[in-house]
Number of protein chains: 4
Amino acid sequence: MTTRRRTPDATRRSQATRRAILTAALELAGEVGYERLTIEGIAARAGAGKQTIYRWWPSKGAVLFDALLMLSEGQGDESAELPDTGDLEADLKTVLRATVDELNDPRRSEPMRALAVETLLDPALAADFAERLDEPVRQIKLRRLRRAQQAGQLAPDADLDVAVDMIWGPLERRWLHRRGPLTAGFADAVVETALDGLRPR
Amino acid sequence: MTTRRRTPDATRRSQATRRAILTAALELAGEVGYERLTIEGIAARAGAGKQTIYRWWPSKGAVLFDALLMLSEGQGDESAELPDTGDLEADLKTVLRATVDELNDPRRSEPMRALAVETLLDPALAADFAERLDEPVRQIKLRRLRRAQQAGQLAPDADLDVAVDMIWGPLERRWLHRRGPLTAGFADAVVETALDGLRPR
Amino acid sequence: MTTRRRTPDATRRSQATRRAILTAALELAGEVGYERLTIEGIAARAGAGKQTIYRWWPSKGAVLFDALLMLSEGQGDESAELPDTGDLEADLKTVLRATVDELNDPRRSEPMRALAVETLLDPALAADFAERLDEPVRQIKLRRLRRAQQAGQLAPDADLDVAVDMIWGPLERRWLHRRGPLTAGFADAVVETALDGLRPR
Amino acid sequence: MTTRRRTPDATRRSQATRRAILTAALELAGEVGYERLTIEGIAARAGAGKQTIYRWWPSKGAVLFDALLMLSEGQGDESAELPDTGDLEADLKTVLRATVDELNDPRRSEPMRALAVETLLDPALAADFAERLDEPVRQIKLRRLRRAQQAGQLAPDADLDVAVDMIWGPLERRWLHRRGPLTAGFADAVVETALDGLRPR
DNA sequence: ATGTAACCGAGACGGTACGTCCTGTCTTTTA
DNA sequence: TAAAAGACAGGACGTACCGTCTCGGTTACAT
């Protein structure tokens with residue numbers, strides 16, 4: 001007696017309820033942390049039925065994902081670009097400092113950490129996350145570096161995939177593992193070291 | 001009637017039971033993943049009472065932590081050093097290739113991933129982990145880099161803390177987030193890029 | 001954050017589950033005895049979740065109480081009366097012999113003993129039991145005695161509350177404390193002694 | 001590999017510890033009630049090891065039994081007799097009024113209730129209790145009635161076993177089931193009714 | 001005096017059951 | 001007919017005690 005999972009009719013979806021659920025998820029993630037965030041808690045806070053959540057999202061991670069997407073609605077365009085003043089080092093410092101500021105704001109940072117952790121545990125969510133958030137952003141970074149490479153500011157044989165990891169990796173690592181403070185100085189040091197290398201010149 | 005948490009008497013501890021629990025934890029973490037690893041399951045597999053686990057460990061993450069420590073028993077000395085043939089680049093490649101091999105072995109890798117994720121969720125466990133595993137290893141890395149710096153193989157003003165992140169960070173990131181394959185080639189590229197920098201020379 | 005005990009909605013209650021739980025409770029009480037009757041066992045036998053039991057009953061005694069009420073459903077009317085042929089002594093012997101038979105049937109007797117013991121330990125249950133079972137039955141007994149008193153078959157100044165205790169007490173005592181066999185002869189002796197008194201005439 | 005249950009050597013028994021355990025059992029039975037009285041609790045309060053209790057007593061009921069025996073030490077002689085002034089009715093009233101007073105003193109009454117309940121659940125304890133407390137007392141009662149019967153104050157064919165139940169049963173029932181108040185008046189009424197019977201004379 | 005055998009306090013251990021919490025499904029009621 | 005409300009089976013949580021066991025420390029008797 002297989003009760004086939006019916007696909008809900010998205011056109012009839014209540015937008016007010018959707019927003020209430022996403023808002024409740026964000027608030028609770030910030031208040032109690034991801035571990036103690038529960039579907040029941042979200043439903044109760046949102047004044048929604050549990051079934052409504054199960055109808056539209058496969059996991060609490062997916063709810064949080066949509067909640068974060070809602071937050072960054074509008075500014076997260078596909079066609080966005082990193083600043084390009086011609087000075088790669090200055091541009092990268094500008095971008096990384098902005099990231100530092102964002103990660104230091106707990107209101108946005110806590111739900112993001114929660115989601116990041118969830119992607120480590122849930123491969124399906126990780127794939128969704130990679131496709132809809134991580135990869136587009138990575139392409140933006142790669143485009144900026146490629147332009148710099150064409151302008152002769154980066155070594156012609158530099159592996160840009162490695163370069164992205166090297167520039168943005170340390171920051172993400174410190175943030176995710178709460179290892180050491182996130183400061184503008186750290187951002188600058190990373191950019192300088194990545195560009196100049198560790199060997200004496 | 002406050003029933004003060006009594007400190008258990010470690011001298012009476014059953015080593016056989018301890019080993020059974022740690023072994024069961026490793027096996028189960030490998031079999032069902034960290035999310036579905038339960039204290040009840042560990043106790044059942046180990047033939048131990050739940051209370052015995054609760055008596056000695058504060059969380060399932062702590063059990064897994066001890067289990068991994070047991071695995072690396074003996075070789076995890078404080079006085080260990082990275083190889084130093086005088087050729088920093090070659091030495092780093094050797095070390096990172098070894099790490100790649102280790103991380104590609106699911107028997108060790110899966111419980112480690114599980115533990116790494118848990119440190120993201122449990123600050124107390126994270127502190128324990130940092131103190132007993134991460135920081136000692138980081139010091140070993142720093143010592144090797146410092147010797148290279150003194151030998152003139154690294155820039156005298158290079159920030160070695162940033163350097164460590166830059167060399168080992170990308171590997172860890174790929175592993176933890178399952179982003180891209182872990183290969184010897186990737187390890188080599190990271191070492192080369194970190195040492196030479198991205199700018200043309 | 002006080003999580004107020006929500007009152008369950010009785011109209012939504014599953015009658016099938018309720019019956020399964022009460023049946024399982026009766027069976028288990030008969031099989032393993034009251035002491036080793038557990039909520040977990042009842043839930044398992046009934047194929048119910050533990051929470052379903054905790055939602056509707058405050059204690060295992062209360063479950064058993066309802067189970068016994070279910071058993072005697074229909075015949076336990078408020079308006080029921082003891083037989084009245086005009087011969088008090090014969091009627092009382094009839095009633096007590098029937099009680100003897102009932103108490104000698106372990107299928108009904110064991111759960112009843114279990115419940116009786118539980119009322120000794122749980123005042124709330126005792127009150128419920130007294131109100132819904134014991135007192136109605138006592139009123140039936142009192143009505144029969146009162147009619148006999150009006151008919152001149154009992155002394156006009158006899159304390160009927162004491163009389164009830166004197167007629168039914170010894171039987172209950174032997175049963176509850178397993179002191180001596182329950183026989184028709186014992187029932188007869190009690191009735192005769194209670195009516196005639198101990199003094200020579 | 002049967003580890004034969006060794007018989008403890010009673011001559012070496014620590015009397016101080018025994019008293020501490022019995023005292024703790026009485027106190028705790030009064031404080032938290034029988035249900036929540038635990039061997040662990042008794043051991044902790046007495047400053048004794050759990051094994052010391054298990055060595056000497058088979059159940060918590062047995063501990064409480066010995067504790068009550070300790071309380072009534074000295075006055076519980078085998079050769080004791082009920083008062084015999086020649087007036088049976090007056091003597092019985094005296095005895096039952098004394099019992100009423102005893103049962104109204106919670107310090108003695110509560111542990112006794114606890115023990116009484118336990119005998120309902122534990123047949124081994126019930127047998128011990130019957131042999132060492134109940135039966136001797138019953139014999140004393142029977143001896144008094146027998147003397148009265150020989151003196152012509154009771155019907156020659158009266159069943160004295162039934163008589164004992166009839167005289168002492170109602171009091172015990174009210175006490176054990178907390179049904180109605182225990183008063184001297186009730187004691188008197190029971191004695192009068194039992195002696196005179198319910199029929200008009 | 002010195003084994004040596006027992007009791008004793010202490011408490012770790014494998015277990016059972018507790019009562020709570022949450023999951024994901026299902027059903028009923030509301031709008 | 002979507003959504004709220006919430007009952008349900010299931011199962012993990014962390015706690016409390018159970019009764020058994022082993023460990024040293026301390027009597028007390030027998031060499």
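Naming: A, B, ... by sequence-line order, numbering from 1 per chain.
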Could you tell me whether the phosphate oxygens of [N], OP1 or OP2, come under 4.0 Å of any side-chain nitrogen or oxygen in [X]?
X	N	result
B/Thr38	F/dA12	no
B/Trp56	E/dA12	no
D/Thr52	E/dC7	no

Of all heavy-atom pairs between D/Leu68 and D/Leu26, which one has the smallest distance, and what is that distance?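 So the minimum-distance heavy-atom pair works out to CD2-CD2, 4.2 Å.
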For B/Glu118 and B/Gly61, which heavy atoms make the closest approach, and how far apart are they?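 The answer is CG-CA, 3.7 Å.
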Taking the nucleotide of DNA chain E with the nearest heavy atom to each, does C/Lys60 or B/Ala46 sit closer to the 5' end?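 It is B/Ala46, whose closest nucleotide lies nearer the 5' terminus.
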Does B/Glu40 or A/Ser59 map to a spot on DNA chain E nearer the 5' end, using the closest nucleotide for each?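 Mapping each residue to its closest nucleotide by heavy atoms, the 5'-most match is B/Glu40.
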Indicate, with a heavy-atom threshold strictly under 4.0 Å, whether [X] touches base, sugar-phosphate, or nothing.
X	value
C/Thr17	sugar-phosphate
C/Gly47	sugar-phosphate
A/Ala48	sugar-phosphate

Nearest to the side chain of [X], heavy atoms from C-beta on, is which of [options]?
X	options	answer
B/Arg12	F/dA3, F/dT22, E/dT23	F/dT22
C/Gln51	E/dC22, E/dA10, F/dT15	E/dC22
B/Lys50	E/dT25, E/dA17, E/dG14	E/dA17
D/Arg13	F/dA28, F/dC8, E/dC8	E/dC8
B/Tyr54	F/dC13, E/dA12, E/dG24	F/dC13
D/Arg55	F/dA9, E/dC8, F/dA7	E/dC8

I want to confirm an ordering. Mapping A/Gly49 and D/Ile39 to their closest nucleotides on DNA chain F, which one lands closer to the 5' end?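 Its nearest nucleotide being more 5', the pick is A/Gly49.
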Could you state the atom-to-atom distance from [atom1] of [X] to [atom2] of [N] in whole Å?
X	N	atom1	atom2	answer
D/Trp57	E/dC7	CH2	C1'	13 Å
A/Ile53	E/dC22	CD1	P	13 Å
A/Ile21	F/dA3	CD1	C1'	10 Å
B/Arg18	E/dC13	CZ	P	12 Å

Evaluate D/Arg132 against D/Asp66 for salt bridge (Lys or Arg N to Asp or Glu O under 4.0 Å), listing each step before the verdict. CA-CA 11 Å; D/Arg132 292 168 62 193; D/Asp66 271 13; 3.8 Å; yes
Yes or no on side-chain contact (heavy atoms from CB on, under 4.5 Å) for A/Glu35 and B/Asp122, after CA distance, side-chain angles and deciding distance? CA-CA 9 Å; A/Glu35 272 293 78; B/Asp122 180 344; over 6 Å; no
Using the six-membered ring of B/Trp56, assess whether NZ or CZ of B/Arg13 lies under 6.0 Å from its centre and within 45 degrees of the ring axis.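 Verdict for B/Trp56: a cation-pi partner in B/Arg13.
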